[in-house]
Each structure stands twice: as C-alpha cells, then as structure tokens.
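So the structure is just underneath, and the comments pick up after that.
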Amino acid sequence: MKYFAFLVTVAHAVSPMEKVFSMLSDLETKVVEDGKAAEQAYENYTKFCTRGKRDLGYDIQDGEKTVEELTASIDKSSSDIEVSSSKIQELQGAITKSEADLKAATDMRSKEQAEHKAAKIELEDATDMLGRAIKTLSEKLGGTALLQEPGSAANLVQALGAVVDAAAFPNHEKQSLMAFVESATAQPAVAAYQSKSGGILSTLEDMKEKARDDLTTLISEDKKAQHSYLMLKQSLEMQMAADQKEMDQAKALFAEASEAKATSEADLDGSSKDLANDKTSLQQLEASCSQADDDYQEATKSRSEELEALKKAQEVLKEKTGAAQAGVYGAAMFLQVKSSGAFEVVQKVRNLAKKAGSSNLENLASNIESLLQTRQGADVFAKVKDLIQNMITSRKEEAAADATKKAYCDEEQTKTKAKLEELTGTKESLSVKVDKKTSEAETLKSEAATLQRELADLSKLQIEMDKTRREESAAFKKQKADLEQGLEGVRSALSVLRDYYESGATSFLQQPALGHSKDTAASTGILGMLEVVESDFGRSLAQAETVEATKAEEYDTMTKQNKLTKVQKDADQKFKSKTAMALDKAVADLSSDTAANQEELAAVETYKESLAKQCADGGMSYAERAAKREEEIEGLKDALASLGGTDLNAVLLQSAGLRGAVVKPHVH
C-alpha cells in the first residue's frame, strides 16, 4: 500500500488570528463565569440582607418593648419612693408626737403621784392623830364642861386649846392637832361640823370621818388617775409600735424601690444604647443592601454589553478575515494519512474517560471519533478543538459552580447552626421567664387571696366587737343606774337617820330625860352598816366605771388598730392583685413570644434539613471532586495540545499551490 505525505512549512504553528479567536473565546468564557459567580454572590448577599433586616427588626422591636417596660418600672419605683418617703416623714412625726405625749403624761403622772402620796400621808396622819385625840380626851376629860359645844369656829379652836392643855397632850401632838383644826375650821365645811356636833368630841369625830372620806376619795382618784395613765400609755405605746412597724415597712419599700429604680435605670441606659446601635445597624444595612443592588444591576448591564461586543467582534472577524488570514499566514504541517495516527486524540480522551469513570468524556471521545471518520465540514480539527474546549469550559464552569455551592453551603450551614443555637437559647430563656413569672403570679394571687380572707375576718371581728361593745355599754349603763339609785337611797337613809339621831344631842354632862329617848347605840350600828353599804356601792360604782373606761379604751384602741390593719392589708391586697395581673399579662406576652420563637425554630429546622439535602456531597468530598475535575481538565488540555496547530484546510488546499508553500512528494 502506498501512502502519500505532504509537508507544508509555515512561519507560525498557531497564527495570530487563531490566537485572537482563542483569546476572545477565553475572555467570553471568563465574563460568563464571572457573571455566574456574581449572580450567586448577589443571591447570597440578598438572603443575608433579608435575614439581617428581619433579625434587626426583631431586636429593635424587643428593644423598644424593653425600654418601655423599664421606663414604666422606673416611673413606678419613683412613685413608690415618693409615697414611702412621705409616709416615713408622716410616721416619724407621729412617733415623735406620741413620744412627747407619753413623756408629758409620765411627768404629769409622776407629779400627781408625789402630790397624792403627800396628801395621803397627811390624811393618814390626821386620821390617826384625831383618833388618839378623841380617845385621850374621852379618857381624861369625859363628863367635864370643857367638852361642851364651843359655839363658833374661833371658840372651837380656843376651847380645843384649853382642852388639850388640860389633857396634858405632848407638845408635838398638841401643835399638830391645833394646826389641823385651825386649817379645817378655816374651810367652809366647818359649818357642817358645828351643825351636827354636840361638843368638841363630836366635832373631832366629824373631822376624823371627813379625813377618812377624803383619804378614800384620794385613793380612788389616784387609782383612776393611774388607770387612765396606764391606758393612755398602752394606747400610745401600741400606736408607736404600729407606726414603727408601718415605718419599717415604708423604709423597706423605699430601699427596695430605690434599688429597683437604680437597676432599671442602669438597664435602661444599656438597652437604650443597644436599641440605638440596632437602629443604626439597620440603617447601615439597608444602605449597604441598596448600594449592592445598584452595583449588581450596573455590573449585569455592563457584563451584557461586554459579551455583546465580544460576540460581534468574533462574527466580524470570521466573516471578513477568512481569506486574508489564509493568504497571509502560511501553514506547514505534515499530514500522514494513516489509520492509526489520525485518531491519537480519541485514544487520549477515551483513556481519560475510563480513568475518571466519566460518561461525558466517553461520549466526547465517541463524538470526536465519529467526526474524524466522517470528515464532515471544512475544518474537522477545528470542530474537534471546539468539542474539547467546550468540555474544558464545562468542567471549569462545574468547578466554579461547585466552589460557589461549597462556599454557600458552608456559610448557610454555619449561619443556620448559629441561628438554631440562638433560637434554642431564646426558647430556654423564655421558658425560664414564663415559669418564674407564672410562679410569682401564683404566689401573689395566693397571698392576695389570703389577705382578702384576713380582711373579711377582720371585718367580721370588728362587727362582733361593735356588738359586744354595745352590749357591754348597755349593761354598764344599767348597772350604773342601779348603783347610783342604790347610793342615792343609802345616802338619803343616812341623812334621815343622822338628822334624827344626831339632832338635839346632849353632852356627857346632861342627864337623860324621862320617857322615850333615842337609841343612839343602835343607831350607831345601823349608821355604821349603812356607811359600809354606801362604801361598797361607791366602790362597786367606781370599779364599774373603771372597768367600763378600760373596756371603752381597749375597744377604741383595737378599733383604731383594726382600721390601720385594714388599710395596710387592703393596700397590700390591691398591690399584689395588680402585680399578679401585670405578671399574667407578661406571661401571655412571653407565651406569644415563645410561640413565635417555636415557629421560627421549626422553620429554621426545616431549612436546615433542606440545606442538608441540597448540600449533600453524594459520598465524595469537595476536595476529591475538585481534584478529579482538575485531572480531567488537564487531560483534556493534553488532548487538545496533541492536535497542535494542524489545519485541515491547508492540507485540502495544498494542491492549489498556496502562496509560500513547498510541496515535497514522499513515497513509502
């Protein structure tokens, strides 16, 4: 078999025009790849903008709500501070006044006790002295004319002086007795002594009785004064204790409100700064996203214009320079028509397909082989080059797309993981807040219900106290009326009997008249018993009045204490109920936030699953895929290089005697 070979010598292996076409094609490919990368980056940044605006919007909404709540908390704390401060001043003034009243009452009581003690000693001494004087005068001067009625107060003092001298009284007792009688006769009540007595002894007896009555009255008045003082002291001490307790509560509220206000103000300062930063960040993000959108639109327009220019340039060059470049650039090639050498490139591509296990490369090899066998078209090698170049471009585009997808998946998975952690943390935080506020609300409701029951019990107790006080007051009024009526009867009887038995009494020197005579001995016993009854009635009346005064004072004190307690408990109940309602509202808001958080968390979980499917690597890592793809590209480049600068047109036109060509026959 004979084979013909033609050797065509040219100045360049690849002509400048071919280089221009190659450069235009490479640039066009680069512009397209850059456009796809820019589009993917723009989509990613658009998602970032959407997510960032949404997150910042939520943060701003939460920040505004927090600022509003903290402002309300500060206002409430300021109000509590003002109210408690005013209450502390008011209670301090009340305690100071009560202390002053108690000191004044104590000083007055001490003075009264000293005066009563001195008066009691004086009356006891006078009673004892008069008793001894009566006994001495009766024993030493009984039946003498010295003991006759003196007539007037002055005569009484003069006569008593003579009697005392005659009875040989000790000098100190004489002076004390005369001083007492002079003092007693100087009072208007001496007329009563003179009218009832029949002599000096009777007058002294009346003085002694009067001294006893004065002593009894003094003791009774002292007891009443002591009781009144003790009741006043108890009332003031109870009031001071209640005021002190209320002031301690007001101070505790003042301290708590001050601390809460300081904490809220610090939190408000931080929250306000965070809110301002979030608003600034949102404005900056919106501006950045808007600028990115403008830049992308401008870049897309510019890229389209560049591709159009490249396409038009290639069309013009192909249309206008075909004949010129064939005439200017001579080709030199050695074409050996041999069945085994023409298909070297096919074998390289097929080996590469087998090694890579790629059906696309296998198809490429088949297409090249078919093209070479049929030899359709003017430039078979050019078509082969286009097939290989297109495959290289496709592999590069796949590599760029895979790299973009890898970057996108890495970024989205990182952001999704961070968002899930954030939402999970928020969910736990909301759950803790809901549980805490729910517990606080339930505690406050329970305490408010307890206070409500205590208020009801207090009202019931006050009603029972009012009823008991009315019954006690009615019983006292009846008892007092009975005792006063009894005293009036006893005193009337005493007056009648004394007027009868003591009127016209004779002295010890007179002889009894014949016939009926007054039974003075019996009357003395009767009068004595009536005096005992009078004393018992009077003592019972004084005790009843004391008991009534004590019960009335205790009732007034308890009523005041109940009113104060009612005010305190009522205020506490209202405050706790109001706070519980506020906590319920906060729980409802938090529950709404929890539902929104759960909804967003579910959406992110769904997106995570979708992203996992989208970013699945199919059992081969990104590095492995990149290495395999790079190996394919290098193999295709090697296959492409094996074609060199061969131009089938030069071979086909060789017989026409192209300018600059030398033809040498070569026979095997």
Side-chain angles (χ1 to χ4, degrees), residues 94-95 97-99 101-106 108-110 112-113 116 213 215-246 450-494 529-573:
I95 292 174
K97 183 177 181 302
S98 297
E99 290 175 344
D101 292 344
L102 179 59
K103 184 178 183 304
T106 301
M108 182 178 292
R109 180 58 192 148
S110 298
E112 288 177 350
Q113 285 179 327
H116 287 172
D213 291 342
L215 180 59
T216 301
T217 301
L218 179 67
I219 293 173
S220 176
E221 290 177 351
D222 185 60
K223 289 181 178 180
K224 289 181 180 179
Q226 179 67 11
H227 176 74
S228 297
Y229 166 73
L230 293 177
M231 292 302 297
L232 177 61
K233 179 182 178 183
Q234 181 182 12
S235 175
L236 290 173
E237 288 177 345
M238 289 178 64
Q239 185 63 46
M240 285 190 291
D243 290 343
Q244 185 63 48
K245 180 180 179 181
E246 187 175 359
T450 301
L451 288 170
Q452 189 65 40
R453 290 194 298 271
E454 291 176 353
L455 285 170
D457 293 341
L458 188 63
S459 297
K460 183 178 179 181
L461 174 62
Q462 187 61 44
I463 292 173
E464 293 176 353
M465 286 175 55
D466 294 342
K467 180 181 178 182
T468 302
R469 180 84 281 272
R470 288 194 298 271
E471 293 174 352
E472 290 175 348
S473 179
F476 165 72
K477 290 178 181 178
K478 184 177 183 306
Q479 182 184 16
K480 180 180 179 182
D482 293 342
L483 289 172
E484 287 178 342
Q485 184 178 358
L487 277 173
E488 182 181 0
V490 170
R491 287 169 180 167
S492 296
L494 283 171
M529 289 302 296
L530 285 175
E531 289 174 352
V532 171
V533 173
E534 180 187 22
S535 176
D536 291 341
F537 281 9
R539 184 171 59 256
S540 296
L541 179 59
Q543 290 176 348
E545 289 175 342
T546 300
V547 171
E548 171 63 15
T550 300
K551 290 183 177 180
E553 186 72 21
E554 291 175 349
Y555 168 77
D556 291 340
T557 301
M558 286 298 297
T559 298
K560 290 179 181 178
Q561 182 62 36
N562 288 343
K563 288 181 179 179
L564 180 63
T565 302
K566 183 178 182 300
V567 170
Q568 293 174 339
K569 290 183 179 294
D570 188 56
D572 288 345
Q573 192 270 338

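Numbers here simply count residues along the sequence, with the first being 1.
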task = Nearest 0.5 Å please: distance from the CD atom of Gln452 over to the CD atom of Glu454.
result = 10.5 Å

message = Is any side-chain heavy atom of Arg453 closer than 4.5 Å to one of Thr450?
response = yes

ask   = Going through the checks in order, is the side chain to side chain contact (heavy atoms under 4.5 Å, CB included) test met by Lys551 and Val547?
value = CA-CA 6 Å; Lys551 290 183 177 180; Val547 171; 3.6 Å; yes

N/O donor to acceptor pairs below 3.5 angstrom from side-chain atoms of residues 459-468, sequence neighbours left out:
{"unit_1": "Ser459", "atom_1": "OG", "unit_2": "Leu455", "atom_2": "O", "d": "3.0"}
{"unit_1": "Gln462", "atom_1": "OE1", "unit_2": "Asn562", "atom_2": "ND2", "d": "2.7"}
{"unit_1": "Gln462", "atom_1": "NE2", "unit_2": "Asp466", "atom_2": "OD1", "d": "3.0"}
{"unit_1": "Gln462", "atom_1": "NE2", "unit_2": "Thr559", "atom_2": "OG1", "d": "3.3"}
{"unit_1": "Asp466", "atom_1": "OD1", "unit_2": "Tyr555", "atom_2": "OH", "d": "2.4"}
{"unit_1": "Thr468", "atom_1": "OG1", "unit_2": "Glu464", "atom_2": "O", "d": "2.9"}

inquiry  = Between Glu221 and Lys224 (salt bridge meaning N to carboxylate O under 4.0 Å), is one present in this structure?
reply    = no

note = In this structure, NE2 of His227 is separated from CD of Glu545 (nearest 0.5 Å) by 11.5 Å

query = Asp482 pairs by side chain to side chain contact (heavy atoms under 4.5 Å, CB included) with which of Glu484, Lys478, Lys480, Gln479?
reply = Lys478

remark   = Rounded to the nearest 0.5 Å, the OG1 atom of Thr106 sits from the NZ atom of Lys233 at a distance of 6.5 Å

task = Taking only Lys NZ, Arg NE, NH1 and NH2, and the carboxylate oxygens of Asp or Glu, determine whether Arg469 and Glu548 approach each other closer than 4.0 Å.
result = yes

NZ on Lys223 to OG1 on Thr546, rounded to 0.5 Å = 9.0 Å

query = Within a strict 4.5 Å, meaning less than it, do heavy atoms of the Leu564 and Glu246 side chains meet?
reply = yes

Pairs of donor and acceptor atoms involving the side chains of residues 530-544, under 3.5 Å and at least two apart or interchain, shall be tabulated with distances.
{"unit_1": "Glu531", "atom_1": "OE2", "unit_2": "Arg498", "atom_2": "NH2", "d": "2.4"}
{"unit_1": "Glu534", "atom_1": "OE2", "unit_2": "Arg491", "atom_2": "NE", "d": "2.9"}
{"unit_1": "Asp536", "atom_1": "OD1", "unit_2": "Arg539", "atom_2": "NH2", "d": "2.5"}
{"unit_1": "Ser540", "atom_1": "OG", "unit_2": "Asp536", "atom_2": "O", "d": "2.9"}

query = Just by distance, with hydrogens left out, do Arg470 and Ser473 show a side-chain donor and acceptor under 3.5 Å apart?
reply = no

ask   = How close do Leu232 and Ala105 get, heavy atom to heavy atom, and via which atoms?
value = CD2-CB, 3.7 Å

query = Does a sphere of radius 6.0 Å around CD in Gln113 hold more than 12 heavy atoms from other residues, nucleotides or ligands, not counting ones at 6.0 Å or beyond?
reply = yes

remark   = Output for pair (Leu236 CG, Lys103 NZ), nearest 0.5 Å, gives 14.0 Å

query = Between CD of Glu237 and CD of Glu99, what distance do you get to the nearest 0.5 Å?
reply = 11.0 Å

message = Between Asp222 and Gln226, do the side chains contain a donor N or O and an acceptor N or O under 3.5 Å apart?
response = no

query = Checking side-chain hydrogen bond (donor to acceptor under 3.5 Å, both in side chains) for the pair Gln568/Asp572: CA distance, chi angles, key distance, verdict?
reply = CA-CA 6 Å; Gln568 293 174 339; Asp572 288 345; over 6 Å; no

query = Quick one: does Gln561's side chain get under 4.5 Å of Thr565's, heavy atoms only?
reply = yes

message = Do Glu554 and Met231 have side chains that approach each other closer than 4.5 Å (heavy atoms only, starting at C-beta)?
response = yes

